[in-house]
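Being a predicted model, the structure only gives us computed values, none of them experimental. Here, residue 1 is the first one in the sequence, and each next residue gets the next number.
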Amino acid sequence: MIAALVTGCHTPPAGSTLVFGDEFSGLSIDRAKWIVYTGPVYNAELQAYVDDTATAYVRDGMLVLQARARAHRDTAGRAVEFVSARLHGRTTFRYGTIAARMKLPTGAGLWPAFWLLGEGAWPAHGEIDVMEYLQDLFRAFTSNNVTGVD
């Protein structure tokens with residue numbers, strides 16, 4: 001169950017300015033660029049987000065996010081059977097082009113996603129679902145949509 005994000009897959013158009021990029025060329029996640037999220041979960045997820053090198057790490061120029069079966073108590077004290085990772089970028093922008101190359105996991109119950117979140121509290125400030133890949137016992141689908149008021 002590995003999802004990898006590689007940003008070195010796009011050359012910005014001539015005359016544009018790069019406002020954020022990460023080639024994941026170091027030995028670990030660049031904390032100046034990324035926040036490892038450990039807050040609450042939504043949608044009745046059966047996991048907790050943890051800040052752990054077992055669930056989020058850099059390998060061979062890729063960011064790897066890997067879910068693990070492990071008993072844990074989340075930030076609200078809820079007992080869960082799985083842990084995973086969620087990262088938030090530290091850069092904000094209003095307009096631009098986004099490019100990422102991802103390898104997605106397969107399996108019932110997995111729901112990898114790549115979002116852009118509005119500034120401020122979610123969900124009131126919206127989100128753009130660049131990619132979500134939901135898998136259950138009977139189907140798998142991808143989606144993208146825009147929600148919010150900003």
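In this structure, Phe24 and Trp34 have parallel ring planes: the angle between them is below the 30° cut-off, well short of the 60° mark.
The side-chain heavy atoms of Pro40 and Thr75, taken from C-beta on, include a pair separated by under 4.5 Å. The shortest distance between side-chain heavy atoms of Leu63 and Ile29 falls below 4.5 Å.
Scanning for side-chain hydrogen bond (donor to acceptor under 3.5 Å, both in side chains) contacts around Trp115 gives an empty result, with sequence neighbours left out. Annotation: side-chain hydrogen bond (donor to acceptor under 3.5 Å, both in side chains) contacts of Asp30 (sequence neighbours excluded): none.
Using a distance-only test at 3.5 Å, with no hydrogens or angles considered, no donor-acceptor pair links the side chain of Arg68 to the main chain of Phe82. Listed for the His72 side chain is no donor-acceptor partner under 3.5 Å among the backbone atoms of Val83. Judged by distance alone, the side chain of Arg31 and the main-chain N or O of Val36 form no donor-acceptor pair under 3.5 Å. Remark: side-chain polar atoms of Lys33 are not paired, donor with acceptor, to backbone N or O of Phe20 under 3.5 angstrom.
With rounding to the nearest 0.5 Å, the separation of CD in Glu45 from CG in Asp74 is 10.5 Å. Between Leu104 atom CG and Leu65 atom CG the span is 11.0 Å, to the nearest 0.5 Å. Here the OH atom belonging to Tyr57 is positioned 8.5 Å from the CE atom belonging to Met62, to the nearest 0.5 angstrom. Interatomic distance, Met131 CE to Met102 CE, rounded to the nearest 0.5 Å: 4.5 Å.
Note on Ile35 and Phe93: separate hydrophobic clusters, where clusters join Ile, Leu, Val, Met, Phe, Trp and Tyr whose side-chain heavy atoms are under 4.5 Å apart, directly or indirectly. Placement of Leu116 and Phe114 within a single hydrophobic cluster is found when ILVMFWY residues are connected by side-chain heavy-atom separations under 4.5 Å, directly or transitively.
The two atoms that bring Val50 and Thr38 nearest to each other are C-CG2, 4.0 Å, heavy atoms only. Heavy atoms only, all atoms of each residue included: Glu132 and Ala113 are closest at CG-CB, 3.5 Å. Annotation for Leu87 and Ala56: closest pair CD1-CB, 4.2 Å, computed over non-hydrogen atoms. When all heavy atoms are compared, the tightest approach of Pro105 to Pro112 is CD-CG, 3.8 Å.
Arg86 and His88 share a donor-acceptor pair across their side chains, judged by distance under 3.5 Å alone. Side-chain contact, Gln66 with Thr55: no donor N or O sits under 3.5 Å from an acceptor N or O.
Ion pairing between Asp52 and Arg70 holds under the 4.0 Å rule for side-chain N and carboxylate O.
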